[in-house]
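Heads up, the thing below is written out as structure tokens.
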Amino acid sequence: MTDRYEPKIVALLCKWCSSAGSDLAGVSRMQYPANVIPITVMCSGSVSPLYILSSFKQGADGVLISGCHPGDCHYIKGNYYARRRISLVKSMLEYIGLEPERFRMSWVSAAEGQKYTEIIQDFVETLQALGPQTKLRRNA
Amino acid sequence: MVTSQDLRDAVRRLMKQGKLKTLYAYRKGAGGGHAVPAFIRDAEGVEDLTWDPTCVHNLSRYLIDEKRKREKAKTPPTHPMALVVKGCDSRAINVLIQEKFVKREDLYLIGISCEHSGMADPGKVARKFAGQEISDIKFTGEDTFIVVADGKEKVVPASDLLADRCLECPANFPVVFDLLLGDKTKRNTAARYKDVEKIESLNPDQKWAFWTKALEACIRCYACRSICPMCYCDECVVDSISQGIGPDTPAEEKAQRVRWIERSPDLSETLVYHMIRTIHLAGRCIDCGECQRACPVDIPLRLLNKKMEKDAREIFQYETGFTSDQPSLVSSFRDEDPEDFIR
């Protein structure tokens, strides 16, 4: 047993690329930390800012949003809308004083299982250094 | 400078011409100190109208109820919805038109330019003249106000009393109107994002300390939401009305409801409420400062709204409210939007 902190990550993955990418990582038996709670959404453009804030409120240490690469969106332009909206949410979270490292967005295609594992690995290490997220967590 | 008499004359003329029947405007409040919103139905009411530095309210909020009333009315309306707008209010109207909430042809707007001046902040007036009875505040046409306190006239530098939003106003004249009173003159304004930049320069823990201190006071009265001309959703995320909880609602169903934000004044809930309010106003807030004025516990809400305004301007070159003829901030994108934060 190590006494490293095991962070909880909520990953909002788009159905068409990133979910498939995480699936590829799984079926290819790639090793990556088990700290992620993957949630499939139809498109990164369908991610409401509330999903992100709500995750933090319910105790997530980090939130990852992942969608198709620009130009590859199943709905043609959903990830472009996401890019704009999420950048506003990110700047809001930073403005309020949450550590910017706790929130991350990336593009993962269905073929990038390797990239997905690297992102999770890196995210977990960053969050371990930061420790538990207590700022937005609801004290219940 | 536009005077109350100018406004009254203009309204009388328009009523005679049959262009308007009713009007949302301002009249002197009880005691005469501060103006209050007034709804004028006939020529008799016109005598009460006033235009002075205490006309702080953004009357475009009344359009929301008025429009809903008209939608339910059995007979089609015969006259336009008419209101008096300042520079900031007119930008709110532009956003409402842009979002297709109201139609331009259903409105009659009497624009009044603040010219070289602006609105006196009620809080600043109360602090400066603590314990004294204010019976009138007047424009002088220069960088001063005349305040009648305890019956004596005093000349006060405008910068002492001007509301913060007026000091940072990007254009203190109406940008959409049917009739304009006063000139389109620009006053020198202070740096628009001075206070926002001050917070941005803090480290995360200092920012957090600032905001927790500011938002701890929130009593979740939702005055900021009630007064905002942009908060016109039929159903707000903080109080689900389409799924009301009644005596027959079974416990399992109540337990399974998604409650994004609880009503409890817990700090994390309050933070999420204010953040989501701010994000919903991104690219829509025109900085009329009404939320901050209405806040009973003096939360610096404008600092949150202005942060989004600053981002929209600096990252996406998006200016809110100067035209109703552009796609909204979050329903549009450009190929060159920055994605350096995406890894």
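Numbers restart at 1 for each chain; the letters A, B, ... are given by sequence-line order, proteins then strands.
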Side chain / backbone / both / neither for [X] at chain B, heavy atoms under 4.5 Å:
| X | answer |
| --- | --- |
| A:F56 | neither |
| A:R104 | side chain |
| A:S54 | side chain |
| A:K57 | side chain |

[X], part contacting chain A, at a heavy-atom distance under 4.5 Å:
| X | answer |
| --- | --- |
| B:W211 | side chain |
| B:I261 | both |
| B:L202 | neither |

So which residue, [options], ends up with the most heavy-atom pairs under 4.5 Å with chain B?
| options | answer |
| --- | --- |
| A:R85, A:M105, A:K115 | A:M105 |
| A:G71, A:S91, A:P100 | A:S91 |
| A:L88, A:V89, A:I96 | A:I96 |

B:M275 versus A:L93, closest heavy-atom pair with distance: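 Minimum heavy-atom separation between B:M275 and A:L93: CE-CD2, 3.2 Å.
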Residues 277-295 of chain B: residues contacting chain A (heavy atom under 4.5 Å, by number):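 Only B:T278, B:I279, B:A282 of residues 277-295 of chain B have a heavy atom under 4.5 Å from chain A.
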Residues 332-343 of chain B: residues contacting chain A (heavy atom under 4.5 Å, by number):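 Checking residues 332-343 of chain B against chain A gives B:S332, B:F333, B:R334, B:D335, B:D337, B:P338, B:E339, B:F341, B:I342, B:R343.
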Please report the interatomic distance [atom1]([X]) to [atom2]([Y]), rounded to the nearest 0.5 Å.
| X | Y | atom1 | atom2 | answer |
| --- | --- | --- | --- | --- |
| A:E94 | B:K207 | CD | NZ | 6.5 Å |
| B:W208 | A:Y95 | CH2 | OH | 14.5 Å |
| A:L53 | B:I276 | CG | CD1 | 4.5 Å |

Side-chain heavy-atom pair B:L304, A:M92 within 4.5 angstrom cut-off: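 A side-chain contact exists here, since the closest heavy-atom pair is under 4.5 Å.
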From CA spacing to verdict: side-chain contact (heavy atoms from CB on, under 4.5 Å), A:R137, B:S268: CA-CA 6 Å; A:R137 182 195 296 259; B:S268 65; over 6 Å; no
Carboxylate-amine/guanidinium contact A:K90 B:D311, below 4.0 Å: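 Between B:D311 and A:K90 there is no salt bridge, as every charged N stays at least 4.0 Å from the carboxylate O atoms.
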